[in-house]
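Naming convention: chains lettered A, B, ... in sequence-line order (proteins, then strands); numbering from 1 in each chain.
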Protein chains: 4
Amino acid sequence: MESDHRKPRKTVQARSQKTREKILLAAERLFGKKGLHSVNSKEIAAEAGVAVGTFYNYFPDKQDLFLEVFERHSMEVGRVLDGRIRDEVARGGGGREFIYGLVKAVYEAHSLSPDFHRQAEALKYSDASMAVRRKQERKEAHAKSVALMAGFGDKLRITDHEAAAEIVGLAVESVVHELKMFGSEVSEFRMLKELADMLTRYLFRDDT
Amino acid sequence: MESDHRKPRKTVQARSQKTREKILLAAERLFGKKGLHSVNSKEIAAEAGVAVGTFYNYFPDKQDLFLEVFERHSMEVGRVLDGRIRDEVARGGGGREFIYGLVKAVYEAHSLSPDFHRQAEALKYSDASMAVRRKQERKEAHAKSVALMAGFGDKLRITDHEAAAEIVGLAVESVVHELKMFGSEVSEFRMLKELADMLTRYLFRDDT
Amino acid sequence: MESDHRKPRKTVQARSQKTREKILLAAERLFGKKGLHSVNSKEIAAEAGVAVGTFYNYFPDKQDLFLEVFERHSMEVGRVLDGRIRDEVARGGGGREFIYGLVKAVYEAHSLSPDFHRQAEALKYSDASMAVRRKQERKEAHAKSVALMAGFGDKLRITDHEAAAEIVGLAVESVVHELKMFGSEVSEFRMLKELADMLTRYLFRDDT
Amino acid sequence: MESDHRKPRKTVQARSQKTREKILLAAERLFGKKGLHSVNSKEIAAEAGVAVGTFYNYFPDKQDLFLEVFERHSMEVGRVLDGRIRDEVARGGGGREFIYGLVKAVYEAHSLSPDFHRQAEALKYSDASMAVRRKQERKEAHAKSVALMAGFGDKLRITDHEAAAEIVGLAVESVVHELKMFGSEVSEFRMLKELADMLTRYLFRDDT
DNA sequence: CATGAATGAGGGTTCATTCAT
DNA sequence: AATGAATGAACCCTCATTCAT
């Protein structure tokens, strides 16, 4: 009787969506734990509680699944980051305070599935299609930085905003990465404080 | 007695050494182009102009070969970097000038087999044994930074030398990486200049 | 709910079982013909009419497959032997007649896949894990012999039952082996008769 | 100067012979320890203290080397056995005593390189060319047995000498094998005693 | 004769993907 | 839509044997 047409459609779609979700979550966990190359389709299916065939009903192949997980992850990070930035902007603190807020915002955004994040990062180096996406991400980050800077007008000491946006972005990214991915002998607090100091002195005339 | 052995022995050893070298170079090229996982033993052998078996006569397995290539690469980078740093120290320029010299030194050191470098970097994220080596490298870099800073005494503005060393190291590393690995919309010159500016303002009281 | 699963499940399992069986039978044939070391996984798959991968879906490796074939073979031999012994015991013939019956029982039990049996025998000498199994088999055979002897009470001439059980077991085993594995210039009938004579005279006071 | 012809020839041949011997002995040790299939040419060469190429200068291939080791081993066993039998014959003991002497003779003959012996035994089951040699061995043993029996004339109880020779040979062989190859829960002494008892009762009218 | 580097066919095993049920 | 058995190309690695020195 389940083969009658109209009504169940929605339910079925809902179930479908759920299955898809299960697979994506399982993949995120496993890719994070072991990396793209060390996870096989059987494992993913098993972790998701479905059959291998089911997995291939939803995703054309493993690489594609990875990319989708990555996309979701990126968007989530983006959303969180944007939210935090908006908060900081709203608070409207002075230079140093603001910078510190931003640094912490990035730090917190990176706290989402850091394991998966790490593996994705790895692929950006070795996988062509990931490298493309990385490029895009940087571009967006760059635009965001430039826009933020513009808001500070004369208070800025820098002149080459383009280059500065890149430099600042990379510095923040790398420090946060390091802390999240590999940890540090120095405490996170000291690291983030120094990072904020560096950026403040670099960016603002009055570096207090 | 039995002295008829000497000479050929040496020749043979020389040939042996040459073969080893051929394999290492072929591996560096291929690993750089495609990454550890996408290169197979047959390819390496073919690129080196030897048989698969020969490859396995010299290296216990592919991973091991990669590590040896990596080790050589690291040491080479280290040598070049140390040399350049020594030059800069010898020249004895003032703060900003010196920092710029160092930044350029790191940049040049990264110009050795940047493709291989990129792939090695990728593995540091996903491969356990590579992560270990990464840790060590950072430790050494950290020590080097701290030592260099010490030389500046009162001129330094920073107080938390430990954290600063980390931050500075990561910032330089990440910018140079970005330029070498992925290029940049902004010219290298502008990027390196801004980087030097940032570091100078961060580190020194008198940031000229 | 979800009851649409039941039937196909069973069918699939049945197919699965059949594939497993096909592989086991193919393996028994090939191992018997050429020995463990001279058969490769591709051959086994081909003989079973499946792909190599399928073989590895069912057995973790070649050695394991061999052991399973061996286990099945041993159990089958054991079953046949026990059946025949029970028949002989039931018939309740006198000493010589009974012994002859037992000898023939062992002979018949060894008629199952004698080729495979031969190869398994070979491995008992050279392979550690097979040697272990051999030990166990002998122990069981020993126990069986002792039990049978006990049934004859005073009629027995021997005093050291333990040793006798070993000796008798080995003698029977070796003669049957020889006949089955390598054949003999002398007819099987004469061989088995003499064997029975020997054992009868050895075991019983009244050796008729 | 070593290229002058006449004199060194002998010396060279002697050295040659020594090298051959080293290889044969190394092979016997290794084959005994690990079996034909688990020993590779490099190992053999290393154990013999020569280069792989040298090994192939003396033997066309690994199989051939094995066969030569086997041949030597067989002949040695044969020599020892014949000697011991001659001793027993010379001593001229009565039936049971004589049989016991023979059993012990076989036992002692099997004490030469029992490890190698075991591995050779394994190959007789699985290797065609070894099976051939086995056949020959049995034939010779058979002939020997028949000849020995003939010496006892009327004292013998058996009538089918041919079959008896086979049976007796197999029984002795199997028991000795078992003791030497796998050991036994029952002491060797008891085992050999029972074996001798069995044979004596089987063969002689007056079984004391 | 001795050497040991070089060879490459061949073997065991994995795994992304397909497809009949 | 779900299943999971089946597939086979591809991979890593071994090792008997050869041959230039």
Novice: If the condition is side-chain contact (heavy atoms from CB on, under 4.5 Å), which residues does A/Glu68 pass it with, not counting sequence neighbours?
Specialist: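 A/Arg20, A/Leu24, A/Phe59, A/Arg72.
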Novice: In chain order, what residues pass the ring-ring contact (aromatic ring centres under 6.0 Å, His included) check against D/Tyr58, with sequence neighbours excluded?
Specialist: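 Result, ring-ring contact (aromatic ring centres under 6.0 Å, His included) vs D/Tyr58: none returned.
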Novice: Taking only residues two or more places apart in sequence or in another chain, which ones pass side-chain contact (heavy atoms from CB on, under 4.5 Å) with D/Asn57?
Specialist: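 Expected list: none.
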Novice: Suppose we screen for side-chain contact (heavy atoms from CB on, under 4.5 Å). Which residues come up paired with C/Glu121, at least two apart in sequence or across chains?
Specialist: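 side-chain contact (heavy atoms from CB on, under 4.5 Å) list for C/Glu121, sorted by chain: C/His117, C/Lys124, C/Arg134, C/His177, D/Tyr125.
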Novice: For DNA chain E, find the residues of residues 28-46 of chain A with a heavy-atom distance under 4.0 Å and give them by number; none if there aren't any.
Specialist: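 Contacting residues: A/Val39, A/Asn40, A/Ser41.
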Novice: For A/Thr54, check side chain to side chain donor-acceptor pair (under 3.5 Å) against everything at least two apart and list the hits.
Specialist: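 A/Thr54: no side chain to side chain donor-acceptor pair (under 3.5 Å) contacts found.
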Novice: With sequence neighbours excluded, tell me which residues meet ring-ring contact (aromatic ring centres under 6.0 Å, His included) with A/Phe31.
Specialist: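 For A/Phe31, the residues satisfying ring-ring contact (aromatic ring centres under 6.0 Å, His included) (neighbours in sequence not counted) are A/Phe66.
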Novice: Please list, chain by chain and in numerical order, all residues satisfying salt bridge (charged side-chain N to carboxylate O under 4.0 Å, His left out) with D/Glu47, sequence neighbours excluded.
Specialist: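 Counting only residues at least two positions away or on another chain, D/Glu47 forms a salt bridge (charged side-chain N to carboxylate O under 4.0 Å, His left out) with D/Arg29.
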Novice: With the side chain of D/Tyr56 defined as its heavy atoms from C-beta on, choose the nearest nucleotide among E/dA9, F/dT7, F/dT17.
Specialist: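 Out of E/dA9, F/dT7, F/dT17, the nucleotide with an atom closest to D/Tyr56's side chain is F/dT17.
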Novice: Can you find a side chain N or O atom of D/Thr19 that sits less than 4.0 Å from OP1 or OP2 on E/dA2?
Specialist: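 Checking E/dA2 against D/Thr19, a side-chain N or O does come within under 4.0 Å of OP1 or OP2.
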Novice: Looking at residues at least two apart in the chain, or sitting in another chain, which of them share a ring-ring contact (aromatic ring centres under 6.0 Å, His included) with D/Phe55?
Specialist: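 Result, ring-ring contact (aromatic ring centres under 6.0 Å, His included) vs D/Phe55: none returned.
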Novice: As a test of reading the structure: which of E/dT3, F/dT7, F/dC13 is closest to the side chain of D/Val50, going by heavy atoms?
Specialist: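 Out of E/dT3, F/dT7, F/dC13, the nucleotide with an atom closest to D/Val50's side chain is E/dT3.
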Novice: Would you jot down, in residue-number order, the residues of residues 57-69 of chain D having a non-hydrogen atom under 4.0 Å from DNA chain F?
Specialist: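 Contacts with DNA chain F under 4.0 Å: D/Asp61, D/Lys62.
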Novice: When the distance from CD of B/Gln17 to C1' of E/dA6 is rounded to whole Å, what number comes out?
Specialist: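 It is 16 Å, rounded to the nearest whole Å.
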Novice: According to a strict under-4.0 Å criterion, is C/Thr54 in side-chain N/O contact with OP1 or OP2 of F/dA5?
Specialist: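 No, C/Thr54 has no side-chain N/O under 4.0 Å of OP1/OP2 on F/dA5.
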Novice: Could you check whether any side-chain heavy atom of D/Ser129 comes within less than 4.5 Å of a side-chain heavy atom of D/Gln63, counting everything from C-beta outward?
Specialist: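 D/Ser129 reaches D/Gln63 side chain to side chain.
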Novice: C/Ser38: what forms a side-chain contact (heavy atoms from CB on, under 4.5 Å) with it, not counting sequence neighbours?
Specialist: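 By the side-chain contact (heavy atoms from CB on, under 4.5 Å) rule, C/Ser38 matches C/Lys34.
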Novice: Would you kindly give the CZ-to-P distance between D/Phe55 and F/dT18, to the nearest whole Å?
Specialist: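 The answer, rounded to whole Å, is 11 Å.
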Novice: Both distances under 3.5 Å, Watson-Crick or G-U wobble: on that basis, could you give the dot-bracket string for DNA chain F, with [ ] for crossing pairs and | for other-strand partners?
Specialist: .||||||||||||||||||||
Novice: Kindly indicate whether the side chain of C/Lys33, heavy atoms from C-beta on, has any atom under 4.5 Å from the side chain of C/Gln119.
Specialist: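 Of all side-chain heavy-atom pairs linking C/Gln119 with C/Lys33, none is under 4.5 Å.
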